[in-house]
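Here the structure comes first, spelled out in structure tokens, and everything after it is commentary.
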Amino acid sequence: MLVYLGIFIIGFYILPKILIDFIQLKFVKQKLDSPAVILNAEDYQKAGMYAIAKLKLSIFSTIFEGLLFLIWFGFGFEALESFWTSTSLSSFWQNLGFFLGFLIIHILISLPLGFYTEMILDKRFGFSKTTLGLFVLDCIKSLVLAILFGGIVAGGVIAFIEHTSLWWLWAFLFVWVLGIVLNAIYPTILAPIFNRFTPLEDENLKQRVEGLLDSVGFKSNGVFVMDASKRDGRLNAYFGGLSKSKRVILFDTLLKNISTDGLLAVLGHELGHFKNHDILRNMVLNTVVLFLIFFLAGVACKWLLEAFGIACEGGVLACVVLWSPIVFFWIMPILGIFLRKAEYRADEFGASLSSKTTLANALIRIVNENKSFPYSHGLYVAFHYTHPPLLDRLRALEYDI
């Protein structure tokens, strides 16, 4: 059975994903021989080399992910089940222990890749500013949160599996509601665990930002600056939370490296998502994906575990975790079409609040600071990009490249 599963995973996920990475890798190498665009010649080469390094890491990660998948089904799940069923705990706690054990091991095994990315690769290219102490602290916090919320999710799902026939439907509804709650508390409770958020002190900028928000009817509980520079030098801004918990979050790196007009243009783009109801559309899309994942779990995961002789209900949720990347990989070409169209609409709205030139210059400034390589192969865009490539966005803004 493991052989058939291996053939399926390799043919349906590992090889297609690696092939797309190789196509992008070859494409980037070819474009590196072309004249630089958007970036100066030195930064253009640096961005290209970083993109190549990330693609090579992605290929390695995909192979590692496939091996880990087969290891879990080959003997990992069996070993976990043997350990927990040997205890005197009730069925519920055995199942919960099974899943949390899987989750902790899975996270710890993935840590070396995260360490290499953040502490070696990103530092080599001048992006990461994370210290070893901060990295370790972030890992501990992330693990604690994963155990806490993973335990809540697992406890609910296991209860549904044990007591209902259509467990996957009730589990989907439970996780969906929990996701909304997490979105609501993220900016005020979860995000501050990792970063410091302070109210925007520049009164002139604050008034202009609040005036921009009022002009489109966006209500928030404040404009905050995030100390992103302690980890990374890249620029960003976002709106977080739901209803009364909504916050405008500006990276301190953005404030230091972009003009006020450019900043307002970027916020205008984000407000375009609000005005165009993209947040609601994204919630609907995410709901569909989540439903699909749990539907497939209800149809296939329990059968698959039984085929490998695993009876623990906690294994079903572990199976969901392992299968989710595969589902996301194949649904992304469809999902990405909607997401990229939303970005074009948000650009159009943001430009209407300032000008196409102002927004285009702000996007170029962000790409220059983030050293993002401007070219991507169409197939890679389809499977990986939630935003259109910058060159396409600039053309839509009628910017002369």
Side-chain angles (χ1 to χ4, degrees), residues 2-28 51-74 76 102-103 106-107 109-110 113-114 116-117 146 153 168 171-172 175-176 179 281-301 303-305 315-343 372-373 375-389:
L2 186 63
V3 173
Y4 293 116
L5 181 63
I7 292 171
F8 176 81
I9 293 301
I10 292 170
F12 195 69
Y13 180 63
I14 305 299
L15 285 182
K17 193 167 183 290
I18 288 176
L19 177 62
I20 292 170
D21 281 345
F22 268 119
I23 290 172
Q24 174 71 353
L25 187 64
K26 182 179 179 181
F27 184 77
V28 172
I52 289 171
K54 291 282 284 186
L55 286 164
K56 289 179 179 178
L57 180 61
S58 174
I59 291 168
F60 175 82
S61 299
T62 300
I63 296 171
F64 178 78
E65 185 181 0
L67 288 173
L68 192 57
F69 188 101
L70 295 176
I71 288 171
W72 276 117
F73 278 94
F102 157 80
L103 186 64
H106 201 67
I107 291 173
I109 289 175
S110 301
L113 283 175
Y116 176 80
T117 301
V153 171
W168 61 269
F172 152 72
V175 174
W176 181 76
R281 288 191 183 94
N282 288 346
M283 287 182 65
V284 172
L285 289 173
N286 290 334
T287 299
V288 171
V289 174
L290 186 65
F291 178 85
L292 180 62
I293 288 172
F294 274 99
F295 173 74
L296 291 175
V299 171
C301 282
W303 170 83
L304 185 61
L305 288 168
V316 176
L317 198 54
C319 189
V320 170
V321 172
L322 293 176
W323 280 99
S324 292
I326 303 172
V327 175
F328 274 107
F329 176 74
W330 286 109
I331 205 170
M332 187 58 204
I334 300 172
L335 197 63
I337 293 172
F338 295 98
L339 296 176
R340 290 190 295 272
K341 284 184 177 179
E343 295 301 323
S372 303
F373 194 69
Y375 289 109
S376 286
H377 192 279
L379 186 62
Y380 190 82
V381 171
F383 275 88
H384 291 281
Y385 276 36
T386 58
H387 288 58

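We use all heavy atoms of the structure for the numbers below, so side chains are in, but hydrogens, waters and symmetry mates are not. Nothing fancy with the numbering, it's 1 onward along the sequence.
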Listed pairs under 3.5 Å, donor-acceptor, residues 375-383 side chains, sequence neighbours left out:
{"residue": "Ser376", "atom": "OG", "partner": "Gln24", "partner atom": "NE2", "Å": "3.3"}
{"residue": "Ser376", "atom": "OG", "partner": "Tyr385", "partner atom": "OH", "Å": "2.3"}
{"residue": "His377", "atom": "ND1", "partner": "Leu379", "partner atom": "N", "Å": "3.0"}

Distance in Å, Lys54 NZ paired with Ser61 OG, rounded so as to fall on 0.5 Å steps: 8.5 Å
Thr386 and Glu343, any side-chain heavy atoms less than 4.5 Å apart: no
Heavy-atom closest contact (Val28 atom, Ala51 atom, distance): CG1-CB, 4.4 Å
Stepwise side-chain contact (heavy atoms from CB on, under 4.5 Å) check, Asn282 with Phe338: CA-CA 9 Å; Asn282 288 346; Phe338 295 98; over 6 Å; no
For Leu304 against Cys319, the heavy-atom pair lying closest together: CD2-SG, 4.4 Å
Gap between atom NZ of Lys17 and atom CD1 of Ile20 - 0.5 Å precision: 9.0 Å
Reported NE2-to-CG distance for the pair His387 and Leu339, which is rounded to 0.5 angstrom: 8.5 Å
Within-4.5 Å side-chain heavy-atom neighbours: Phe69 and Leu5: yes
Side-chain donor or acceptor of Ser324 paired with backbone N/O of Val320 under 3.5 Å: yes
Interatomic distance, Met332 atom CE to Ile337 atom CD1 [nearest 0.5 angstrom]: 9.5 Å
Flag side-chain contact, heavy atom, 4.5 Å: Ile109 against Phe64: yes
Residues in ring-ring contact (aromatic ring centres under 6.0 Å, His included) contact with Phe8, at least two apart in sequence or another chain: Phe12, Trp323
Least distance between heavy atoms, Phe102 atom then Ala318 atom: CD2-CB, 3.5 Å
Considering all heavy atoms, the nearest Pro16-Ile10 contact: CD-O, 3.8 Å
Shortest non-hydrogen separation from Gly6 to Leu70 and the atoms involved: CA-CD2, 3.7 Å
Validation row: Ile326, Ile9 side chains within 4.5 angstrom (heavy atoms): yes
Approximate separation, where rounding is to 0.5 Å, of Ile59 CD1 and Leu19 CG: 10.0 Å
Beyond-backbone contact of Phe60 with Leu113, side-chain heavy atoms, under 4.5 angstrom: yes
Heavy-atom pair of closest approach, residues Ile14 and Thr62: CD1-O, 3.4 Å
Member of Phe328, Trp168, Phe172 meeting the side-chain contact (heavy atoms from CB on, under 4.5 Å) criterion with Ile293: Phe328
CG on Leu55 to CD1 on Ile18, rounded to 0.5 Å: 12.0 Å
